[in-house]
2 protein chains.
Amino acid sequence: MLDAPNNIPDVVIKRLPIYSRALVQILATRQRTVSSNELAMATGSTAAQIRRDLSYFGGFGKQGKGYDVERLLAAIREILNLNEQWPVVLIGAGSLGQAVARYGGFAEQGFVVRRVFDHNVDRIGMRINDLVVQDVREMAELVRQEGILVAILAVPAGAAQKVADDLAKAGVKAILNYAPSTIQVPDDVRVHDIDPVAALQSLTYYLTPSEAQARGVSHRVS
Amino acid sequence: MLDAPNNIPDVVIKRLPIYSRALVQILATRQRTVSSNELAMATGSTAAQIRRDLSYFGGFGKQGKGYDVERLLAAIREILNLNEQWPVVLIGAGSLGQAVARYGGFAEQGFVVRRVFDHNVDRIGMRINDLVVQDVREMAELVRQEGILVAILAVPAGAAQKVADDLAKAGVKAILNYAPSTIQVPDDVRVHDIDPVAALQSLTYYLTPSEAQARGVSHRVS
DNA sequence: ACGTGTGAAGTCTTTCACAGCG
DNA sequence: CGCTGTGAAAGACTTCACACGT
């Protein structure tokens, strides 16, 4: 068990998976050692930030050398508890839910979708890979029984709050929320929102409508 | 055209779509006016933050009353350029790309997927709704010709950088990146990354592996 | 009395810059 | 000599708290 201080900023924790991703890639090139500068390049961050972030957890680097790729990756994986297998419940078996259930990327990283629930009678009983969609009314009991802590919410906006309440009551502590609405949860539950439309809507702020007119092969440098 | 100062923090811009979402919901209840406090409740923010955020764009509120829901929504939509229709290119017609292409939520908000490209010969020519998957080699020219500024990247990690380079050269200024890798772009291009696995990986930091053992209906309040 | 808009204060995060180790 | 780890400074963002308009 790591004896890290319990005061690490959330922003830092959010960046660790990005570092992890980059380290896996670097490891694949057989490179043994990586400097904060190289990692910064690979992650779109800065060398100072990477050194500061890693220093929260202790000295992983060697002066003049950098960080041992394999060792750093192992450390980050331990910090993030990625050596566990995390069983996950998925709520919502609409097109998004189905895409999530079929996507191999979660299981590959230890997030195994164990159960899928839906409210809609037409979807209950449906098979997705080796899972059968169950009635959402059975959710609370099964989640509690199986000690599942992680949920992926893929229901329409209108249903999200009620499901989130039920999940929290059933003991879930981490929710990946695909519903385009804000959900209220107790303090000991963490939510990460994914809203691609909202993301695009904030990107268009930086686009001037007039830019849309700038057609053709014009090479004006703004 | 709004004469807002050009110094508005990115975090603020990221929150505007959330306010917009909440306002649409409130508008549906026929409520005419909303206070910073109510909006805070609805968005999981705080009243002070909402007042501060909105104050960057001028005084939308009335003392003692709050904000006119309809007027505030219209203002935010104008700030974010949401009254435009934004044609979008989608790169990657794998399962994620297909899900994106079929998802109605983008078009509903003015982001119309105009073209889909893929590298894989097996996918080129495939129909998705009313679109036909085209060869990615035709992408640059078509994007430029049609003045498309917004792209959704749904290719494997290994292909993302090359595609991003081509998109930037073709004039794209906003990229929604679903590829689980960091992409490097020129300063005048904005990227928003969506990586659900990375999101889960940062959530599990807050979960103690021992918690997974806490099964049954135990009501310990930790 | 209610609720906005905003200086000022407080907190959090990033960046600088360098001592010190390998 | 190269590169980490980290005080200290700078900068960004949030929150407080209240004057003021309605």
Side-chain angles (χ1 to χ4, degrees), chain A residues 2-16 18-19 22-23 26 31-73 75-76 79 182 187 202 205, chain B residues 2-16 18-19 22-23 26 31-73 75-76 79 182 202 205-206:
Chain A
L2 296 180
D3 55 308
N6 220 4
N7 305 279
I8 295 150
D10 287 6
V11 264
V12 174
I13 301 301
K14 284 242 184 71
R15 282 191 291 262
L16 293 184
I18 308 306
Y19 300 160
L23 288 166
I26 290 166
Q31 189 180 326
R32 291 315 199 82
T33 249
V34 68
S35 68
S36 53
N37 229 303
E38 290 173 288
L39 242 194
M41 298 301 217
T43 58
S45 182
T46 67
Q49 181 153 87
I50 282 169
R51 293 204 301 278
R52 172 75 63 198
D53 283 357
L54 296 180
S55 79
Y56 282 106
F57 306 97
F60 297 123
K62 294 224 191 310
Q63 283 112 325
K65 264 292 208 170
Y67 301 87
D68 181 284
V69 178
E70 205 160 347
R71 215 170 68 80
L72 181 55
L73 179 57
I76 290 177
I79 291 164
T182 305
D187 281 354
S202 62
Y205 169 77
Chain B
L2 297 179
D3 55 309
N6 219 4
N7 304 280
I8 296 151
D10 287 5
V11 264
V12 174
I13 301 302
K14 284 239 184 74
R15 282 191 292 261
L16 294 184
I18 308 306
Y19 300 160
L23 288 166
I26 291 166
Q31 189 180 326
R32 291 315 201 82
T33 249
V34 68
S35 69
S36 55
N37 229 303
E38 292 173 286
L39 242 194
M41 299 299 217
T43 58
S45 183
T46 67
Q49 181 153 85
I50 283 170
R51 292 204 301 277
R52 172 74 63 198
D53 283 358
L54 297 179
S55 80
Y56 282 106
F57 306 97
F60 296 121
K62 295 224 189 311
Q63 282 111 324
K65 265 292 209 169
Y67 301 87
D68 181 284
V69 178
E70 204 160 349
R71 215 168 69 79
L72 181 55
L73 179 57
I76 290 177
I79 291 163
T182 305
S202 61
Y205 169 77
Y206 303 97

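Letters A, B, ... are given to chains in the order of the sequence lines, protein chains preceding strands, and every chain is numbered from 1. Computed from a predicted model, the values in this text were never measured in an experiment.
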Which pair of non-hydrogen atoms, one from [X] and one from [Y], has the smallest distance, and what is that distance?
{"X": "T43(A)", "Y": "L39(A)", "result": "OG1-O, 2.8 Å"}
{"X": "T182(B)", "Y": "A42(A)", "result": "CB-O, 3.4 Å"}
{"X": "Y67(A)", "Y": "F60(A)", "result": "CD2-C, 3.7 Å"}

At less than 4.0 Å, is any side-chain N or O atom of [X] found next to OP1 or OP2 of [N]? Yes or no.
{"X": "Y67(B)", "N": "dC2(C)", "value": "no"}
{"X": "Q63(B)", "N": "dC2(C)", "value": "no"}
{"X": "S36(A)", "N": "dC3(D)", "value": "no"}

The side chain of A48(A) is closest to which nucleotide in this list: dT15(C), dG3(C), dT13(C)? dT15(C)
Side chain of S55(B) (C-beta onward), nearest among dT14(C), dG5(C), dC3(D): dG5(C)
Which residue, V11(A) or G64(A), contacts DNA chain C at a nucleotide closer to its 5' end, judged by nearest heavy atom? V11(A)
Tell me: [atom1] of [X] to [atom2] of [N], nearest whole Å?
{"X": "K65(B)", "N": "dG5(C)", "atom1": "NZ", "atom2": "P", "result": "15 Å"}
{"X": "D10(A)", "N": "dA12(D)", "atom1": "CG", "atom2": "P", "result": "21 Å"}
{"X": "L39(A)", "N": "dC3(D)", "atom1": "CG", "atom2": "P", "result": "13 Å"}
{"X": "L54(A)", "N": "dT14(C)", "atom1": "CG", "atom2": "C1'", "result": "15 Å"}
{"X": "L72(B)", "N": "dT4(C)", "atom1": "CG", "atom2": "P", "result": "11 Å"}
{"X": "R51(B)", "N": "dG7(C)", "atom1": "CZ", "atom2": "P", "result": "14 Å"}
{"X": "D53(B)", "N": "dA12(D)", "atom1": "CG", "atom2": "C1'", "result": "13 Å"}
{"X": "R52(B)", "N": "dG3(C)", "atom1": "CZ", "atom2": "C1'", "result": "15 Å"}

Between F57(B) and I8(B), is any pair of side-chain heavy atoms under 4.5 Å apart?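 With C-beta onward as the side chain, the pair touches.
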Any Y205(A) side-chain heavy atom under 4.5 Å of L16(B) side chain: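 Y205(A) does not reach L16(B) side chain to side chain.
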